[in-house]
Amino acid sequence: MNSIGLVEVKNVSKGIVVTDEMLKSAGVNLISSGSVCPGKFVTIVGGELSAIHAAVDRAKLIAEDAMIDTFVIGNLGDSVYEAVCGTATVTQRKAFGIVETFTAASAIEAADAAVKAGDIELVEVRVARGMAGKCFVSMTGDVADVKAAVEAGAAIAARQGVLINTEVIANPHPDLWEAVL
């Protein structure tokens with residue numbers, strides 16, 4: 001999937017209505033939709049870029065003050081979709097980087113910026129499930145690439161005021177890999 005849009009709202013009931021309106025207003029495909037901690041609702045759609053813009057614009061109108069965050073990405077970076085879905089394939093175990101955020105949208109945007117900034121592999125994009133609404137992006141690659149990718153992802157979240165923390169581990173212990181993969 002090359003173009004995606006995301007809408008994150010403060011409550012489940014409004015999230016369901018917003019998702020329905022998004023699907024009815026534009027020819028988009030539902031990628032993911034559901035509640036996340038702490039009682040927020042996240043919807044991700046894919047399709048033609050113009051349709052995604054129309055669906056996200058419709059969501060903004062319907063959600064009103066329940067809106068937390070949105071994005072539209074027209075040229076999604078390699079493997080971001082797979083990392084969000086939990087199907088990313090990791091072929092290397094080098095340096096390990098993490099960007100932690102407060103919103104699902106910022107985590108996915110950080111992942112997109114990271115893969116475009118360095119020669120890295122995404123390990124995972126964890127979107128607010130079982131983490132009190134927090135999200136994180138994890139990645140691996142050569143130390144310099146991971147540092148560049150973490151900085152690029154962190155810059156996105158920092159601009160939005162939702163960056164929690166970043167870390168880079170140059171040489172992770174083998175047992176750590178078993179825990180995170």
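Looking only at side-chain heavy atoms (C-beta outward), Asp20 and Val17 stay at 4.5 Å or farther from each other. In this structure, the side chains of Glu100 and Lys134 come closer than 4.5 Å at one or more pairs of heavy atoms. Residues Ile16 and Val12 are in side-chain contact: their nearest non-hydrogen atoms beyond the backbone lie under 4.5 Å apart. No side-chain heavy atom of Ile62 sits under 4.5 Å from any side-chain heavy atom of Met22. The closest side-chain heavy-atom distance from Val45 to Asn29 is not below 4.5 Å. At least one side-chain heavy atom of Glu124 sits less than 4.5 Å from a side-chain heavy atom of Ser138. Side-chain atoms of Thr70 and Lys60, non-hydrogen and from C-beta on, do get closer than 4.5 Å to each other. Using a 4.5 Å heavy-atom threshold, the side chains of Phe71 and Val56 count as separate.
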TODO: Go through Lys40 and Val9 one step at a time and tell me if the side-chain contact (heavy atoms from CB on, under 4.5 Å) criterion holds.
DONE: CA-CA 6 Å; Lys40 300 187 296 183; Val9 296; over 6 Å; no
Task: Test log, rule side-chain hydrogen bond (donor to acceptor under 3.5 Å, both in side chains), inputs Glu121 and Thr91 - done: CA-CA 8 Å; Glu121 289 182 0; Thr91 62; 2.3 Å; yes
Open item on the list: Please determine whether side-chain contact (heavy atoms from CB on, under 4.5 Å) holds for the pair Trp177 and Thr140, giving the CA-CA distance in whole Å, both sets of side-chain angles, and the decisive distance to 0.1 Å.
Closed with: CA-CA 10 Å; Trp177 283 113; Thr140 187; 3.4 Å; yes
- [ ] Determine, step by step, whether Thr166 and Ile98 satisfy the side-chain contact (heavy atoms from CB on, under 4.5 Å) criterion, reporting the C-alpha distance in whole Å, the side-chain angles of both residues, the deciding distance to 0.1 Å, and the verdict.
- [x] CA-CA 5 Å; Thr166 65; Ile98 306 159; over 6 Å; no
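Atom CD of Glu48 is surrounded by 12 or fewer heavy atoms from other residues, nucleotides or ligands within 6.0 Å.
A salt bridge is defined here as a Lys NZ or Arg NE, NH1 or NH2 lying under 4.0 Å from an Asp or Glu carboxylate O, and Arg93 with Glu178 meets this definition.
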For a quick test of your reading: what N or O donor-acceptor pairs under 3.5 Å do the side chains of residues 101-116 make, sequence neighbours left out?
residue, atom, partner, partner atom, Å
Thr101, OG1, Thr103, O, 3.0
Thr101, OG1, Ser106, OG, 3.1
Thr103, OG1, Asp69, OD2, 3.1
Thr103, OG1, Ser106, N, 3.1
Thr103, OG1, Ser106, OG, 2.7
Ser106, OG, Thr103, O, 2.9
Glu109, OE1, Gln160, NE2, 2.8
Asp112, OD1, Gly77, N, 2.6
Asp112, OD1, Lys116, NZ, 3.3
Asp112, OD2, Lys116, NZ, 2.9
Lys116, NZ, Asn75, O, 2.7

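Scanning both residues, Leu49 and Gly74, for their nearest heavy atoms gives CD1-CA, 3.5 Å.
Between the side chain of Lys14 and the backbone N or O of Glu64, no donor-acceptor pair lies under 3.5 Å. Between the side chain of Thr43 and the backbone N or O of Val7 there is no donor-acceptor pair closer than 3.5 Å.
Of the inter-residue distances, the one linking Ser3 atom OG with Ile73 atom CD1 reads 9.5 Å to the nearest 0.5 angstrom.
Applying the salt bridge (charged side-chain N to carboxylate O under 4.0 Å, His left out) test to residues at least two apart or on different chains, the pairs with a partner in residues 142-163 are Lys94-Asp142.
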